[in-house]
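Okay, so here's the structure we're looking at.
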Amino acid sequence: MATDSWALAVDEQEAAAESLSNLHLKEEKIKPDANGAVKTNAHTEKTDEEEKEDRAAQSLLNKLIRSNLVDNTNQVEVLQRDPSSPLYSVKSFEELRLKPQLLQGVYAMGFNRPSKIQENALPLMLAEPPQNLIAQSQSGTGKTAAFVLAMLSQVEPANKYPQCLCLSPTYELALQTGKVIEQMGKFYPELKLAYAVRGNKLDRGQKVSEQIVIGTPGTVLDWCSKLKFIDPKKIKVFVLDEADVMIATQGHQDQSIRIQRMLPRNCQMLLFSATFEDSVWKFAQKVVPDPNIIKLKREEETLDTIKQYYVVCNNREEKFQALCNLYGAITIAQAMIFCHTRKTASWLAAELSKEGHQVALLSGEMMVEQRAAVIERFREGKEKVLVTTNVCARGIDVEQVSVVINFDLPVDKDGNPDNETYLHRIGRTGRFGKRGLAVNMVDSKHSMNILNRIQEHFNKKIERLDTDDLDEIEKIAN
Ligand SMILES: Nc1ncnc2c1ncn2[C@@H]1O[C@H](COP(=O)(O)OP(=O)(O)OP(=O)(O)O)[C@@H](O)[C@H]1O
């Protein structure tokens, strides 16, 4: 991107970041407590709605940038409701004895064999009688495809009323799932899909004739109760997708439970989530009686193959200079640089751009589609540096990154070190046995304290690096 357009982007972004930085200034006046912790709730405390939007946007972003399964070698844990029945997993779609049109749909999508989570979830979901299921596995592991197959297997296209009901946290996520249903069900010409989302109006007294309804909890609840567009007693499969995103809003949780209460006892209940914190688990148990449970363990991220350093600077200009020195001394294929605020991120991106670097900026106020396009370009190598804030970059996999720079160290909402995020950021380098490099910029006593606590947490020494010493930098690259 040319410098001019950067300047423009920076202007826009500074304006957007203003409120954030004002709060940030306030926060700087707060003194660390005895443990060195600083309370920074002021700028990070979010309303339910904002939190939901973040999580929903993240989830959508992941869907948009993904064209195939996330690579993983994780273990699957299965807890069966009836432990005496044999544990059954499938290695091929044929073994599931799917209806031919459905098998055709699966192959037309380019799926050759079930993913890890599908191997275990599909036999349970397609069993006779159908089983209830709570399934957790990280995003991109094939959950959506799994429950879409379950819905399509149960539906009777000849019956012109809703038989499968799927709840999504947002309109955009509902559309994404709808697309999968349409693709997978494309060899069922008589199969129709309705979207129960705000703005989709039906006439009073009308009945939905589509066999599958996908929507957001509020509208689905209205359609089932107040407006009576759907007869909930005829639903055979109920899916609650993205439960972790869903519960970020109190309203959605209650609405989902109220919908579930209207369904027949023998309706199959399925719940999916990428994470499984306590709140999700409690909610899952309320919505899915007698569940089978499947969990895909997260891949253990490790810091063993990553060389970690820190550089001491006095301010952001010095941090920038240190970064330039690094670039001057070693060849960096692709780097991700993390900043605490949007304002710093856009400033840094502009500075790097002036130095002639091809820079991409991922920023919070971008539309999800724009963010997906930025990530795609970076993946294709069109830009070599990606500057981002944490909110934007969580959960994004870019495999070819060789260097990660923490322009600002990750802290949680209370100002304590965010070890999980640290591991996650750094874990982007050094994948698949490659050696990665991570450089942390430290510019105050407080950030040194954060760094020390990160070292203690991982019981791993982070070496100091003098970026004015070219020989030293060259050594770390070897
Ligand atoms: N068996 C399979 N073989 C090949 N590709 C698959 C298979 N199952 C799913 N996919 C593809 O992998 C990608 C991720 O699948 P899917 O969207 O179902 O994952 P997910 O776990 O639901 O993710 P999220 O949590 O983001 O919703 C999609 O592009 C999907 O088309």
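As the structure lists them, so they are numbered: ligands from 1, and atoms in each ligand from 1. Along the sequence shown, residues are numbered consecutively beginning with 1. As the structure is a computational prediction, the values presented were derived from the model and not from experiment.
- Here the side chains of Val237 and Phe147 are not in contact, with every heavy-atom distance at 4.5 Å or above.
- Per-residue contacts place Thr144 under 4.0 angstrom from the following atoms of ligand 1 (heavy atoms of the residue considered): 17 (O), 18 (O), 20 (P), 22 (O), 27 (O).
- In this structure, Phe272 does not count as a contact residue of ligand 1, since none of its heavy atoms falls inside 4.0 Å of the ligand.
- Checked by atom type, the side-chain pair Tyr422/Asn440 shows a donor-acceptor distance below 3.5 Å.
- Annotation: side-chain hydrogen bond (donor to acceptor under 3.5 Å, both in side chains) contacts involving residues 156-169, sequence neighbours excluded, comprise Asn159-Tyr161.
- For ligand 1 and Phe93, the ligand atoms under 4.0 Å from any heavy atom of the residue are 1 (N).
- Every atom of ligand 1 with a heavy atom of Ser115 under 4.0 Å away is listed here by number and element: 1 (N).
- Within the 4.0 Å heavy-atom cutoff, Ala274 does not count among the residues contacting ligand 1.
- Contacts of Arg113 with ligand 1, taken as heavy-atom pairs under 4.0 Å, involve the backbone alone.
- When the heavy atoms of Ser137, Ser273, Ala145, Gly142 are ranked by distance to atom 19 (O) of ligand 1, first place goes to Gly142.
- A side-chain donor from one of Glu277 and Thr275 sits under 3.5 Å from a side-chain acceptor of the other.
- Listed by atom number, the atoms of ligand 1 under 4.0 Å from Thr141 heavy atoms are 19 (O), 20 (P), 21 (O).
- In this structure, a donor-acceptor pair under 3.5 Å is present between the side chains of Asn416 and Arg453.
- Here Phe147 has no heavy atoms under 4.0 Å from ligand 1, in either its backbone or its side chain.
- In terms of N/O distances under 3.5 Å, ligand 1 is not approached by Gly110.
- Checking Ser256 against Gln253 by side-chain atom types alone, no donor-acceptor pair falls below 3.5 Å.
- Applying the ring-ring contact (aromatic ring centres under 6.0 Å, His included) test to residues at least two apart or on different chains, none of the pairs has a partner in residues 171-197.
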